[in-house]
Amino acid sequence: MGLFSDLDGGVVGGPSILAADFAHLADDVGKARDGGAAFVHFDAMDNHFVPNLSVGPLVAASLVPHTDLPVDAHLMVENPDSLIPAFLDAGVASISVHPEAATHLHRTLAMIRDGGAEAGVALNPTTSPETIVWALPYLDYVLVLSVDPGFGGQSFLPETVGKIRRLKEITGLPIAVDGGITVKTAPLVAEVGANVLVAGSAVFKGDPAAEMRQIIEAGRGNAER
Ligand code: DX5
Ligand code: ZN
């Protein structure tokens, strides 16, 4: 049971907290939920793996009791193993790590699952889909970065579409897409099999409920079934 294992081929969407107002994080997440969000995407950055610093397990632990949505942690950090126990304690529902930053990926994914969360890999734009073939038995989802991780508000990289198609073929896993997702790009990724739409600036640039709803509907209108 979990966000990704329960998907059943449908398309869902959720807000990336990076574009939210951190002083009113739970309120902003609640607004996106009113627009049909199925999860919250929680971006952790360490200023080493990516050139930016965001929030960590303490903020996740504060947020979890204030939302009934599953919190999906995206760890853009070096040495993720040292932070995973704290994120599990915080009560997140799923954790994705970058294989580019994990030295022993099998051990890292096992740590996530053993802690009761769903385990994912997050792939940088130029990381090959084939990289994860031997990790498939230990994975619940793949998070495809459609921008270089580190910042919100960047433009969607069009090569992502072919990459999602390939990942769908070789993994059969739920595919989440993160970076530059808008009402225009959501249909492009859903058409080739993306199930989980993460959107930051496109949600929080206006009324989060309305923007979230439009992005989800745009994806569902073009979903590959
Ligand atoms: C990028 C983060 C994303 C980011 C997406 O490093 O992983 O989750 O918030 O932001 P937008 O939707 O603005 O591209
Ligand atoms: Zn992210």
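Order of appearance sets the numbers: ligands from 1, and atoms from 1 within every ligand.
Below the 2.8 Å limit, the Zn ion (ligand 2) has as protein N, O or S neighbours H41 NE2, D43 OD1, H74 ND1, D178 OD2.
We find that D34 and R213 are not joined by a salt bridge, their nearest charged nitrogen and carboxylate oxygen being 4.0 Å or further apart. Between E217 and R220, no side-chain nitrogen of the basic residue sits less than 4.0 Å from a carboxylate oxygen of the acidic one, so the salt-bridge criterion is not met.
Any N or O atom pair closer than 3.5 Å counts here, and V198 shares no such pair with ligand 1. Taking only nitrogen or oxygen atoms, main chain and side chain alike, G200 reaches within less than 3.5 Å of ligand 1. Taking only nitrogen or oxygen atoms, main chain and side chain alike, P149 does not reach within less than 3.5 Å of ligand 1. Here's the thing with G153: one of its N/O atoms is less than 3.5 angstrom from an N/O atom of ligand 1.
Ligand 1 places these atoms under 4.0 Å from at least one heavy atom of M76: 6 (O), 7 (O). Distances below 4.0 Å separate heavy atoms of H74 from the following atoms of ligand 1: 7 (O). Every atom of ligand 1 is numbered from 1 in the order shown, and the set under 4.0 Å from a heavy atom of S201 is 11 (P), 12 (O), 13 (O). The contact set between ligand 1 and G180, taken as ligand atoms under 4.0 Å from a residue heavy atom, comprises 11 (P), 12 (O), 14 (O). Proximity to A199 (heavy-atom distance under 4.0 Å) selects the following atoms of ligand 1: 12 (O). Annotation for ligand 1: atoms under 4.0 Å from non-hydrogen atoms of M45 are 6 (O). Remark: ligand 1 atoms within the under-4.0 Å shell around heavy atoms of H41 are 8 (O). Within ligand 1, the atoms closer than 4.0 Å to a non-hydrogen atom of G179 are 14 (O), numbered from 1 in the order shown.
Classified by interplanar angle (parallel below 30°, tilted 30° to 60°, perpendicular above 60°), the ring pair F4/Y141 is parallel.
In this structure the side chain of I17 never reaches within 4.5 angstrom of the side chain of V59, judged on heavy atoms. Annotation: side chain of N195 is in contact with side chain of K168 (closest heavy-atom distance under 4.5 Å). Using a 4.5 Å heavy-atom cutoff, the side chains of T182 and I215 are not in contact. A 4.5 Å side-chain heavy-atom check between F42 and V64 finds every atom pair outside the cut-off. Using a 4.5 Å heavy-atom threshold, the side chains of K163 and V192 count as separate.
With respect to atom 1 (C) of ligand 1, the closest heavy atom belonging to the protein is F151 O, 3.6 Å. Annotation: atom 6 (O) of ligand 1 to nearest protein heavy atom, G150 N, 2.6 Å. Looking at atom 10 (O) of ligand 1, its nearest protein heavy atom turns out to be G152 CA, 3.5 Å. Closest protein heavy atom to atom 8 (O) of ligand 1: D178 OD1, 2.7 Å. Considering only non-hydrogen protein atoms, atom 9 (O) of ligand 1 sits nearest to S16 OG, 2.7 Å. Given atom 2 (C) of ligand 1, the protein heavy atom at minimum distance is D43 OD1, 3.5 Å.
The aromatic ring centres of H98 and F49 sit less than 6.0 Å apart.
Residues D81 and T108 have side chains that bring a donor and an acceptor to within less than 3.5 angstrom of each other. D43 and H41 are linked by a side-chain donor-acceptor pair at a separation below 3.5 angstrom, with hydrogens and angles left out of the test.
The closest approach between A19 and ligand 1 stays at or above 4.0 Å for every heavy atom of the residue.
Just one residue in the list L105, T171, V121 forms a side-chain contact (heavy atoms from CB on, under 4.5 Å) with L139, and that residue is V121. Paired with L123 under the rule side-chain contact (heavy atoms from CB on, under 4.5 Å), one option of T160, L145, V144, L167 passes, and it is L167.
The 12-atom threshold is exceeded at CZ of R113, counting heavy atoms of other residues, nucleotides or ligands nearer than 6.0 Å.
A continuous path of ILVMFWY side-chain contacts below 4.5 Å connects F204 to V55, so both sit in one hydrophobic cluster.
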